[in-house]
Every structure is written in structure tokens, then in C-alpha cells.
There are 2 protein chains.
Amino acid sequence: MTQKRVSIKDVAKRADVSIATVSRVVNKTDNVTPQIYERVMDAIKELGYSPNTAARSLVKQRTNAIGIVVNNLHDPFFHDLIKGFEMAAQQTSYSVVFCSALGGDVKSKEAYVKYLSNGVVDAVILYGSYFSDESVVRYLQESRKIEYVMIENDVPGLACNKLLINNYGGAKNAVKYLINKGHTRIAHICGNPNKKVTIERFNGYIAAMQESHLEVMDGFIQYSSTDYKSGFERMNALLDLKEPPTAVFCSDDAIASYAVRAAFDRGLRVPEDISVMGFDNQTILPDRYRGPEITSVEQPLYTIGMDSIRLVSERLKSGQAEEPVIRTYETKIVEKETVCEYRKR
Amino acid sequence: MTQKRVSIKDVAKRADVSIATVSRVVNKTDNVTPQIYERVMDAIKELGYSPNTAARSLVKQRTNAIGIVVNNLHDPFFHDLIKGFEMAAQQTSYSVVFCSALGGDVKSKEAYVKYLSNGVVDAVILYGSYFSDESVVRYLQESRKIEYVMIENDVPGLACNKLLINNYGGAKNAVKYLINKGHTRIAHICGNPNKKVTIERFNGYIAAMQESHLEVMDGFIQYSSTDYKSGFERMNALLDLKEPPTAVFCSDDAIASYAVRAAFDRGLRVPEDISVMGFDNQTILPDRYRGPEITSVEQPLYTIGMDSIRLVSERLKSGQAEEPVIRTYETKIVEKETVCEYRKR
DNA sequence: TATAATCAAGAAAACGTTTACAAAAGGAAT
DNA sequence: ATTCCTTTTGTAAACGTTTTCTTGATTATA
């Protein structure tokens, strides 16, 4: 099928020049006389030559490529983030490649990071909120092979580029928003226990409740499994309580959508009977969802995607060692249809 | 930031052996005595060595990687396809990387294909239905640099691996399905004019109508712009007709969702007042859509994603030149909520 | 016309591997 | 003790580039 590569040597022979000259023509790195330039260009066209990336990378010690590693590329959660990556990729001179580790599989993620680190790309952008992602970023840090930036996962004390999201603050604001709506009986459905954001958002919930001197009733904290579908059962558990909450803050929109379904299945109205709030402002939900639009907390994923590529490409261009960049992005509440004022029934 | 690479030489020096021996240890390609093995392994660990991919690729003339190039990776249309790629990637020993060309930009797509072809991967999987994709696949064919498979885009007479979808047949069946439901006034909203599938599905529509001796009324064929949102105006144009259709076959679900909205906005019921059918069975729509689930035509994208990776990896493993594989996948109608029997009003 | 200065092109080293081949070392058989 | 295998290790070429250094040619300057 595939035939023998045509190399710079073949071109040189054809144009009757040295390989150095061919290289100069290809890279426009040095002057060559017009006739020779022509001759070389003709040979290149005739033979269909294009320079081998591996060889070039080897000698130049850089690849002009950036790698992005995420967990489940197919997850609609990534919609905006990918869009951000794509947009910035288009504007940069670097080639951008995505790698996806299926499930929460650390091994696979680690494998991709190693693969990329060893001369495939100049920088890696790593997205991940799993606790297990810490080991991956540690590898990146310790091997010190390439530039990288970590998105969303703050390993405290690790001096690397980090683009973080204020999940704690976002969750706290969300709960305070509910409190301002007059709610006092506010429950929380936690997310995937293997993710850091779950803890951060949980802490935000607790902090908001405490600051407002509101009691977290027995059973008001519901722990999901790794499957967001468990939002359904968790909501049912809340509604089974003798005195159920009047508002529920969910760790993410996927869970929230299942919580809303659970309420609907019991003949409750959302938000009139119970308010539901999510996180992520995920306009595209993994499963078909037909309920009201979920009031949520938006994180600027599009911006973060753009910024991450810009950050690494600037750092690569500058070349010298700089202080790591650590940036925290704030979230904002997006008011939609699943929260309303508390009204005594 | 990044410090000097540790190479096989460093390991050899540290373990006081030749670089060949280190290579043998790393690749388990040949026997080494246990003591030396230990010594080398220790040195590798101490120095944190891992072999450089570029150098290895250069000498071995293969990279053990497969590249996938698509147009808008963020598009939820790709959900199942990506899942298929991911699943197969997990099972293969190849590293799999995705590249995304934003918009319908051929230049960008071509650039990625060239980049990948020149020693970055061993095979390319190209997805695309744009007419402009033809030039990309032609490049792949003529350069004969690497193994590749084209998904969805049939360039007639080009002897390459093709995984195709029977869009023509799928569309024809869809329209016949509507005819069987008693509809005779059936309109068609075409899709993005730059895509081949648009023509194929259009032809399927025409064929079904002709075979059933049904007339395509004036104005029954509506041409969208490149934006699927134009399904909205196109549907309005249909409904503005003196004698509007009783069923509309849309070139894809995104358009269909906008068609349904347009009908709703006029106070019409779907499917009671007008039936709408889509294509793709896209469970996740690009925009928030809250109407009934769209009766559609499903293409086995998950399977195709899996198969494409399996195909190229098998071909790479076998090594010898084989006949190109051309496979056409059939679609199937998924009955949902936007089509019903025609009933005189 | 000689000399310096500029410029174009080639030769060869280097990048980090793998691998064919050579060499050495160890054992077994004579 | 010598020869002959077998096994382990080392040497060096190769992969396809870029780039430093040299050389040779041309032009400018005196």
C-alpha cells in the first residue's frame, strides 16, 4: 500500500544539489540563487516531497505541536472546552492533537501523557478533576520533559501552570442565591466521589449554610455513585424524608437533570414545589432531557480552553524558564427555570 | 522549565554498558544477563529515562499511532463516533490522537493530514462529508505515504479504504415510511449544500417519491444555508405555501429540530398537524431543544468508529498490500414522536 | 591587479534510537 | 588443552533532518 518515503536525499539527487541546499529551500532559512531555488522546488513537486516530522523534531528538539489529554472526549461536558481549544488552535502556529482516556482510567491517561511527552509534542494540556489525575500531573512535573498546564485540578504545593475554577466559591454563591430566595431547608446531592470538584462544591455548600446559620438536616447530604444517573435515587431519598428540603443544590447539571425527573415522576412541580440548582451550565446533557432549563453555575470553559493553548504557546515561544502561571477563574450564576422564591405551602 | 533530555547514552554510561544493551533491555528484544538487566533498570529509574518517540519512529519507520481527523470535534453529532473511536483505541495497542479542523476549513484539515502523514502516525482516519474533503483524500491517496481509511465520503473511482453509509437508501426508506403512513404531500428540507450527504439524501427523497408516483409540488424542496438553524425559515416557507405538505423529511435532525420549533411557533402540533422526520438519530442536539423526540434515521456511527480503527490497525499489522476495503453500512428508521398516520383534516 | 569582503553551496556532525554484524566470553565436546 | 558452538555484549551504520563550519566563487575596494 504505502510506498517508500521520498527523502531529502532523493530531492537533492534529482536537483543535483546538496541536501543542505534542499533544507535551505524548504525552510527558507538562508539565501539560495533563484535558479537553484527553482530546480529544487521542481524536484520537490515532481517527487511529492515533504519533510519528515520525526527527523526534524529529533534535530530541532521541538515538534511545534501541543497535546491535550482529557478523560472522556465524547462527554458533552467538554463541548465548550473543546470549542475553546479549537479556536485557539486555529490561531496558533502549533498543531494541536487531542487524546482521550476512556472512563476514569488513570493508566490510559498516564500512557497518553508519557507518549506525548517523549518527543511527540512540545507541551501538554491536561484536563481532569479526578483525584487520580494527581499522579499524572506529578509525572509531568517530575519528569520535567515538557511544558504543561493543568486545568481544573489543583495539586497544592505543586509549582506548575494551573488554570483553576473557583468551585468552592461558585457552590457557595449558588447556595446563597437559594438562601436569598428565602429557602432554608436546602439539601445537597454530591457528585462523583472520585472527583475533586465534588469535595470543593460540597465544601462551598457547607460554608454557605454555616455562614447563614442554617442547619443541614439529617439526610440533606446525599452521596451519588460515579454514575450521574444516581441523581434520580438521591432525589427520591430526599423526597422520602419526613420533612423534605425546599431546594436542592446538585453538584452538577447531569445530576440535577435526573433530580428534576425524579421530582416530576412524583407529580411535583419544579420549581414551584421544589427548587433545583445545578453546576456547569451544561446546555447539552448526556441523556435526553426534556424538563425545564436548569438554573446553574457557569464556568468559563470556552475561555479556559483558549487561554490554556495561548499560555503554553507563549511560554514555548519565549523559551526561558518563567514563574508558573496560576490563575483562578470565577463562575457566575445563570438564572433559568428551576429555582423560585420559597413560599410557604 | 524543561531540562535537558536524558537519553539512552546517559543510561548506558550510568550502567556502564553499551547503548545497544540498554535498547535491548528497554525493548526486551534480546537476552541480557540478569545482573546487567538489573543494572540497566536501576539506571533507567534513577535517571527517569524513557525512550524518545521521534528517534524511534525515525529508525523503525513506524510510530505505533493512529490519527483521526474530523471537522468540528465539538459537534455533538460526533458523540457516538468518538465513543466508537475511544472504545477501539482502548483495545488496540496503538496510540490514538484526534485532530479537529474548525468549520468547513479545508486548508486546516489538509494541514492536519499532512502533519500526521509525515511521520507522526502510521495511519489516518478521515471523517468528512464535505465536497472539499475530496481534495484531502486525494492527497492521502496520491502521496501514498500512509495507510488510511475514509469515512462517509465516497470519491468514486478512488481505490482506498472506505466506510460508507447508505444515505441514499436511508433517505429513500424514510420517505417511504412516510408514504406508508398515508402521506402524499411530502416536502424535503435539504441540508448544508457543501456536504455530499445532502445530495445523497435529496436523491433518496426524489427516488422514493418517483417510485411511488407522488408529485413533488412547487416549493416542496427547500434549500438550507450552511447553518442548520435555517431549518426554521425553511419550515416557515413550507407552511406559507397555499397547500402545505403534511410531512417533511429533513436532511438531518438539527434541521428537523428547528423545523419542529417553527411549526410550534405557529401553533401547530407535531405530529398531529404535520409530521417531521430527521436523519442521524442525534440524541444530543447542538442547541437546547425541548420538543418531541424526532423520528429519524440512525446510522451506526459507534460501530463505524470502532471498525475504522480496527481496520487500519489490522492492515498495519499484516503489513502487506491488500485490496482496499469498501464497506457500506445500512441505516435504520427509529420511530419516535414526530411522525403519525396522515388523517384528513 | 591584488586583497579583502561578501555570499552561495557543500561536507559533515549531530539529534536518539534500532539493528546487522562483529567480537568476546563461556561451555561443551573432543 | 584445543576446537567448536552458543550466548551475551559491543561497534557502527542507518533513519531523515538541521546547522555549523569550510570552501569556493563572486563582487567590491584599494
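Every chain is numbered from 1, with letters handed out A, B, ... down the list of sequences.
Considering only residues two or more places apart in sequence or on other chains, B/Glu86 meets the side chain to side chain donor-acceptor pair (under 3.5 Å) condition with A/His74, A/Ser100. Not counting sequence neighbours, the partners of A/Tyr127 by the ring-ring contact (aromatic ring centres under 6.0 Å, His included) test are A/Phe78.
DNA chain D is contacted by A/Tyr49, A/Ser50 of residues 31-50 of chain A, taking any non-hydrogen atom closer than 4.0 Å. For DNA chain D, the neighbouring residues in residues 17-30 of chain B, judged by any heavy atom under 4.0 Å, are B/Val17, B/Ser18, B/Ala20, B/Thr21, B/Arg24.
Following rounding to the nearest Å, A/Ile8 (CD1) and C/dA12 (C1') show an atom-to-atom distance of 14 Å.
Using a 3.5 Å distance cut-off with no hydrogens or angles, the side chains of B/Ser57 and B/Gln61 do not pair a donor with an acceptor. Neither side chain, A/Thr53 nor B/Asn118, offers a donor N or O lying under 3.5 Å from an acceptor on the other.
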**Item:** Dot-bracket pairing map - DNA chain C, Watson-Crick plus G-U, both contacts under 3.5 Å, | cross-strand
**Value:** ||||||||||||||||||||||||||||||
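Note that A/Lys114 lies in the cation-pi zone of A/Tyr139, set by a 6.0 Å cut-off to the ring centre and a 45° limit from the axis.
A salt bridge is absent between B/Glu152 and B/Lys162; no separation between the charged side-chain nitrogens and carboxylate oxygens falls under 4.0 Å. Of the charged side-chain nitrogens involved, none lies within less than 4.0 Å of a carboxylate oxygen, so that B/Arg310 and B/Glu314 do not count as a salt-bridged pair.
Reading DNA chain D from its 5' end, the first and the last nucleotide to sit under 4.0 Å from a heavy atom of chain B are D/dT8 to D/dG16.
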